[in-house]
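Notes follow once the structure below has been shown.
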Amino acid sequence: MQVIERSHIEFIDIGDSVLCDYCNKDYSESDLEGGALVGSYAVCPECIAKGSRIKADRMCPEGMTFKEFVLQVRNGNDFIAIQTFD
């Protein structure tokens with residue numbers, strides 16, 4: 001028997017919202033500098049400081065806020081996709 005599920009994808013524009021993908025803290029209005037990318041995850045400076053075993057793929061440049069760093073990495077792609085199945 002073959003089961004075929006129908007799916008729906010919704011795209012949501014998150015604009016300039018910036019959240020840490022580890023702790024979910026909102027950095028949208030923060031001037032805190034630092035952070036990193038771990039794979040495709042944006043990791044805030046606080047989580048980087050706590051996680052001595054975190055191996056960053058890309059570090060936030062010195063003097064740049066976490067928010068600026070994440071927005072630069074996004075390069076205008078401010079959408080998230082949510083896929084649901086029937």
What are the two closest non-hydrogen atoms of [X] and [Y], and how far apart are they?
X: C23; Y: C44; result: SG-SG, 3.9 Å
X: S28; Y: D16; result: OG-O, 4.0 Å
X: V18; Y: R74; result: CA-NH2, 4.0 Å
X: V43; Y: C20; result: CA-SG, 4.0 Å

Gap between atom CD1 of I80 and atom CD1 of I12 - 0.5 Å precision: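 Taking CD1 in I12 and CD1 in I80, the distance rounds to 4.5 Å.
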Honestly curious: do I14 and I82 fall in one hydrophobic cluster under the side-chain, below-4.5 Å linking rule?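 Cluster IDs for I14 and I82 match.
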Flag yes if L19 and L71 sit in one hydrophobic cluster, no otherwise; membership is Ile, Leu, Val, Met, Phe, Trp, Tyr, and two members link when side-chain heavy atoms are under 4.5 Å apart.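 In one cluster: no.
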Suppose we screen for ring pair (Phe, Tyr, Trp, His ring centres under 6.0 Å). Which residues come up paired with Y22, at least two apart in sequence or across chains?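 Ring pair (Phe, Tyr, Trp, His ring centres under 6.0 Å) list for Y22, sorted by chain: empty.
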List the steps, then state whether side chain to side chain contact (heavy atoms under 4.5 Å, CB included) holds for R58 with V73. CA-CA 10 Å; R58 183 172 166 192; V73 169; 3.7 Å; yes
Side chain to side chain contact (heavy atoms under 4.5 Å, CB included) between K67 and L32: does it pass, once the steps are laid out? CA-CA 8 Å; K67 177 183 178 178; L32 194 60; over 6 Å; no
In terms of heavy-atom contacts, does CD of E29 have more than 12 from other residues, nucleotides or ligands at under 6.0 Å?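 No.
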Do F66 and C60 have side chains that approach each other closer than 4.5 Å (heavy atoms only, starting at C-beta)?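 No, their side chains stay 4.5 Å or more apart.
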Walk me through whether L37 and F69 qualify under side chain to side chain contact (heavy atoms under 4.5 Å, CB included). CA-CA 9 Å; L37 283 182; F69 175 59; 4.0 Å; yes
Going by side chain to side chain contact (heavy atoms under 4.5 Å, CB included), name the residues that satisfy it together with D13, two or more places apart in sequence or in a different chain.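 With neighbours one apart ignored, the set is D78, F79.
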Once salt bridge (Lys or Arg N to Asp or Glu O under 4.0 Å) is applied, what residue pairs with a partner in residues 30-53 remain, sequence neighbours excluded?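 Pairs touching residues 30-53 that pass the test: K25-E46.
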